[in-house]
Structure formats: C-alpha cells, structure tokens
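All ligand and atom numbering here is 1-based and tracks the order in the structure.
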Amino acid sequence: MYSRRMDHLPPYLFARIDEMKEEKQRQGVDIIDLGVGDPDLPTPKHIVEALCAATRDPKNHHYPSYAGMPAYRRAVAEWYRRRFGVDLEPMKETLALIGSKEGIAHIAEAFVNPGEFVLVADPGYPVYKTSALFAEGKVYEMPLCPENNFLPALEDIPAAVVKQARMIFINYPNNPTAAVAPLSFFEEVVEFAREHDIVVVHDNAYSEITFDGYRSPSFLEADGAMEVGIEMHSLSKTYNMTGWRIGMACGNADIVAGLGRVKTNVDSGAFDAIQHAAIAALTGPQDSVREACSVYQERRDALVSGLREIGFDVQAPKATFYVWVPVDDCMAFAAKLLDEAGIVATPGVGFGRNGEGFVRFAITRSVERINEAVERMRGLDL
Ligand SMILES: *Cc1c(COP(=O)(O)O)cnc(C)c1O
C-alpha cells in the first residue's frame, strides 16, 4: 500500500515511547517525563497579546504571502544584526518558515538529485535524514563522538562520498548531545563546502538557550558562510512557541530562493497573525529569554550534580535543554528507568546508531521533579 520511500523512513521511536508512557500512566504510575524537547514554560504574555490583537484584525484572515510578511522578514534581519552582527537583505536573504522543521524537511528537494549524498550528523535530529530520503538522496552518517567533542570529523568522510555530496546538515548547539561548536568549526565547514561545492544547512534552534555566560554564534558569522549556506532558526525554543509553528531560513540568496520555490508549491505561508506575534517576540523585551535560561541552568545543575552523585560521568552542557548521559545499553537503560522508576528519558539510538551508549534527559520539568527523578534513580541498580 505504501511507497518504498516510506520503508526507508526511520522508525519513529518517540511514538513508541509515548505509547509505553501512556500504558504506565493508565496503571496509575506518576510519570516524570524527561523525554520531551518541548519547553514547559509558557509563551511570554506580550507575545500572546500580540497574537490576540492580530487575530481580531480581518486583514490577517486571508492567505499570507508565501515568503512571509515584509515586516516579519525585516524583524528577522534586525534580530540577526542585533544578536549576531550579521547583515541580511530581508527580501532576499530571509524567508518565513512554518517552524524550522518544515524548512529542514523541504530543503533537500531543492538541491539534491536522486542518488547524491547528504551528509548528516549521527546522532542527530531525525528530520535531516527524512529530508534527504524524500529527495531520494543517499544519507552519509557523520558520527558524533565524545573524543571529537561531538563535532563531525570532515576529514574522515570518504573521498568518493564527498565527491557526490550535495548538502551537509549541522546543528550547534546540538540536539541531542548538547555540544556547542566554536566559530572556527563553522569556518572549517565553509572551507569544506567551498572546495566541494556543497550546500550547508545549519540548524540553530538552540542559539538562545545558553548558560554560564556562553554566547552561541550563528553559522552566518563565519567568513564566507553567506556564499555557501543557510541557517534554519525558529522562535520555538527561544520564546516557548513550539506550538505556534513559526521560524525562518536566512543566508545565501540563491539557497533561500530555492527553498522558497519548493515551499510555494507545497504550503501557503504562515498565518499573518502569528507573524505579527513573532515580530513582537523578536523586537520586544528579551527578559523572558534570560529568565528561561536561568530556569534551565538551575535545572541543569540539579540534574548534573544529582547524576554525578549516583555515579554517572556527566558533563554540564553550555547550551540546549538537554543532558546527554553515557550508559551501557541505552534501550535497556531507558526501559528500566520507565519500568522501575516511572522516568521517561530518550534512548540515544532514537537519534541514530551512534547514539548507542547514551540517553538524553530533557530538563523541561521543574527542579522539584528533577530532584525527585534523581531520588528515584538512587534506589535503582543502573
Ligand atoms: C526543536 C528543534 C527544531 C524545530 O523546531 P521548530 O519548532 O520546527 O522550529 C529543529 N531542530 C532541532 C535540532 C530541534 O531540536
């Protein structure tokens, strides 16, 4: 019944974990869910108010423009200038997305021919592979290992693969490993992409979720990045707006245009009222972002120190709301955690085979719940 393409889609592990979790809940278990990469904090009030006002205005009830309202694209460019010192031409070098997942899923269609390679970090956000597969490209998995600070080793990619490679996906701050990358890594990627004529797609969903004074760069800050690449960004994690579905693609004008052409044929843009709310988010007060980071930082400290106390060798991440913890067998570990402690964590293999040996904890729950989770783990033979 289904196309062969569907057979190649990775099994959606998260749906299975959800089922197991619901089964436990039906049995009355008080589940502590540290699985979801979705902020528990609400969207800041001024953004919600902007949506309400814009929704009441009939001007916003029609089909939006495909590429996004000029005012939204200007707000994106302004934010990039303020935040990263990157200059963007709003109408050429920015594009509204219905969440960055949408842009990621569609971008390979515009640049990858059947049989060409797409270089994808493994473990990684599953949608990079999906994008490649829908374009009938071949996926080459670049392993992310602790020995290399969870950065892909570009020099290890076989020459035959590089020759047929058309696109590379990178993502720092990284989901699921919580690793960060220095600007020098992005410069290395620019060099590599230039030399081999590869389109770079950097996913920067977590640039604002940082701790200990760490400032995360944009890929577009790297010299030459605007010639070879594009950055996907989103309001989801920064402003607790995951449900709103609004993001942006920024960078090289031809790459932005290619993605725009695919989208014109698939969707009809993001609801104008949501774009008005997004403008309020990007141009309004940013205190909520700092407050959210200090909430996550406190939770990170609680989880990391708790896990260390009970014997885990865990690094305190500088960014993202994840903690990536080394374990023996990740599926067995996650199953035991759920079964015996009512805790949901995501097994690393859900993000690719090189995720084996790790589980991902999301700190999207309160310090009290995180401490309770650590207490429950203390009693287990893990
Ligand atoms: C959450 C997330 C996204 C997507 O977010 P949107 O809500 O679609 O903007 C993209 N990449 C990574 C790595 C994420 O974790």
Check: Do Tyr128 and Leu144 belong to the same hydrophobic cluster, where Ile, Leu, Val, Met, Phe, Trp and Tyr are linked whenever their side-chain heavy atoms lie under 4.5 Å apart, directly or via other members?
Finding: no
Notebook entry, point to check: Backbone, side chain, both or neither: what part of Asn171 comes under 4.0 angstrom of ligand 1, heavy atoms only?
Noted result: side chain
Note to self: Are any of the N/O atoms on Tyr322, whether in the backbone or the side chain, positioned under 3.5 angstrom from an N/O atom of ligand 1?
What the structure shows: no
Notebook entry, point to check: Hey, what's the ring geometry for Phe361 with Phe333, parallel, tilted or perpendicular (30° and 60° as the breaks)?
Noted result: perpendicular
Note to self: Checking a contact table here: which protein heavy atom is nearest atom 11 (N) of ligand 1, and how many Å away?
What the structure shows: Asp203 OD2, 2.5 Å
Notebook entry, point to check: Counting only heavy atoms, which portion of Lys237 has something under 4.0 Å from ligand 1: side chain, backbone, both, or neither?
Noted result: side chain
Notebook entry, point to check: Between Arg376 and Glu372, is there a salt bridge with N-O shorter than 4.0 Å?
Noted result: yes
Next item on the list: Without swapping roles, check the side chain of Glu109 against the backbone of His106 for a donor-acceptor pair under 3.5 Å.
Entry: no
Margin query: For ligand 1 and Arg245, I'd like to know whether there is a polar contact (N/O to N/O, distance under 3.5 Å).
Written below: yes
Item checked: Which segment of Ser100 sits under 4.0 Å of ligand 1 when only heavy atoms are counted -> both
Checklist line | Nitrogen or oxygen atoms of Tyr128 and ligand 1 under 3.5 Å apart | finding: no
Check: Going by an N to O cut-off under 4.0 Å, is there a salt bridge joining Glu102 and Lys263?
Finding: yes
Check: Thinking salt bridges, do Lys138 and Glu116 make one under a 4.0 Å N-O criterion?
Finding: no
Check: Is Glu102 close to ligand 1, meaning an N/O of one under 3.5 Å from an N/O of the other?
Finding: no
Margin query: Tell me whether Leu97 shares a hydrophobic cluster with Ile230, the cluster being built from Ile, Leu, Val, Met, Phe, Trp, Tyr side chains joined at under 4.5 Å.
Written below: yes
Notebook entry, point to check: What's the shortest distance from atom 15 (O) of ligand 1 to any protein heavy atom, and which residue and atom give it?
Noted result: Tyr206 OH, 2.6 Å
